[in-house]
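Below: the structure, in structure tokens.
All residue numbers in this chain count up from 1 along the given sequence. Model, not experiment: these values are computed from the prediction.
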Amino acid sequence: MKLVLAIVNNDDSAVAATALTQEGFFVTKLSTTGGFLMVGNTTLLIGTEDDNVARIKELLQKYCSTRKQIAMSTNSFGKGLHRDGLGDEVTVGGATFFVLNVEEFDKL
Ligand code: 2BA
């Protein structure tokens, strides 16, 4: 059993979660914030059998697109959120995809 942890753009999260659910996957959506841009993103948690991981990756590749975003020079932890100038353009995934081994899974 695996736990897939996918960090996706907020704008892609609903369509990605819907596609996963329609194929029978169980999905939990967390509201998260990227440490670099300091803007909201979405983390999807998907517990699944090992054989399904490739299909989940395919669906996320299909429904989550890359975007260019401006990284404000003062957007960082400890510096606050003062947007006093344009920074560099960065390419934000798609989806950032982690696969973790699950030691135990149960529904009580
Ligand atoms: P953020 O941390 O807000 O990062 C947004 C984008 O800024 C990243 O896109 C990348 O292009 C750039 N970036 C991030 N950290 C950087 C750094 N230290 N130096 C230069 N550029 C940097 P993605 O790589 O597609 O990441 C999208 C979001 O996925 C991230 O939002 C973060 O929330 C998460 N993420 C990505 N890699 C991660 C990792 N290794 N561990 C935990 N979370 C990660």
Side-chain angles (χ1 to χ4, degrees):
M1 175 116 198
K2 303 286 188 196
L3 179 66
V4 174
L5 218 150
I7 303 165
V8 305
N9 192 286
N10 285 344
D11 294 339
D12 296 330
S13 62
V15 69
T18 300
L20 289 161
T21 304
Q22 280 176 348
E23 292 211 8
F25 295 109
F26 287 72
V27 181
T28 297
K29 177 178 174 293
L30 302 176
S31 294
T32 46
T33 302
F36 191 72
L37 293 179
M38 294 287 283
V39 298
N41 53 29
T42 298
T43 299
L44 301 176
L45 304 182
I46 308 136
T48 191
E49 295 307 323
D50 296 22
D51 292 347
N52 293 329
V53 171
R55 179 59 185 155
I56 292 170
K57 200 169 186 176
E58 276 177 10
L59 288 172
L60 292 172
Q61 277 174 331
K62 182 172 179 185
Y63 292 108
C64 302
S65 4
T66 57
R67 291 168 170 81
K68 302 271 187 204
Q69 282 184 240
I70 301 295
M72 300 298 175
S73 55
T74 53
N75 280 11
S76 63
F77 287 128
K79 284 189 176 176
L81 284 167
H82 309 291
R83 300 191 171 205
D84 56 1
L86 289 178
D88 297 325
E89 193 176 63
V90 293
T91 302
V92 183
T96 299
F97 191 82
F98 300 88
V99 182
L100 288 69
N101 288 319
V102 173
E103 198 167 309
E104 185 177 343
F105 168 71
D106 217 339
K107 291 188 179 181
L108 307 177

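- K2 NZ to D50 CG: the interatomic distance, rounded to the nearest 0.5 Å, is 4.5 Å.
- Using modelled atom types, one side-chain atom of T32 and one backbone atom of N41 make a donor-acceptor pair closer than 3.5 Å.
- Residues V15 and F26 fall into different hydrophobic clusters, defined by Ile, Leu, Val, Met, Phe, Trp and Tyr side chains chained together at heavy-atom separations under 4.5 Å.
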- request: Could you walk me through whether L60 and L44 pass the side chain to side chain contact (heavy atoms under 4.5 Å, CB included) test, one step at a time?
  value: CA-CA 10 Å; L60 292 172; L44 301 176; 4.2 Å; yes

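- When the side chain to side chain donor-acceptor pair (under 3.5 Å) test is applied to R67, the partners found at least two apart in sequence or on another chain are D12.
- Within the hydrophobic cluster formed by Ile, Leu, Val, Met, Phe, Trp and Tyr side chains joined at under 4.5 Å, directly or through other members, L100 is accompanied by M1, L3, L5, I7, L30, L45, F98, V102, F105.
- Residues F36 and A71 come closest through the heavy atom pair CE2-CB, 3.8 Å.
- By the 4.5 Å heavy-atom criterion applied to side chains, Q22 and T18 are counted as neighbours.
- A continuous path of hydrophobic side-chain contacts links F97 to F25 [ILVMFWY only; heavy atoms under 4.5 Å].
- For the pair G40 and N10, the tightest heavy-atom approach, listed with the atom from each and the gap, is O-ND2, 3.4 Å.
- The minimum heavy-atom distance between T33 and M38, with the atom names listed, is CG2-C, 3.7 Å.
- When side chains are defined from C-beta on, N52 does not count as touching E23, because their heavy atoms never get closer than 4.5 Å.
- By the rule that hydrophobic residues join a cluster once side-chain heavy atoms approach within less than 4.5 Å of another member, V92 and V8 end up as members of separate clusters.
- Shown are L59, V27, T28; of these, the side-chain contact (heavy atoms from CB on, under 4.5 Å) with I46 is made only by V27.
- Looking only at distances, a side-chain donor or acceptor of N9 sits under 3.5 Å from a matching main-chain atom of D11.
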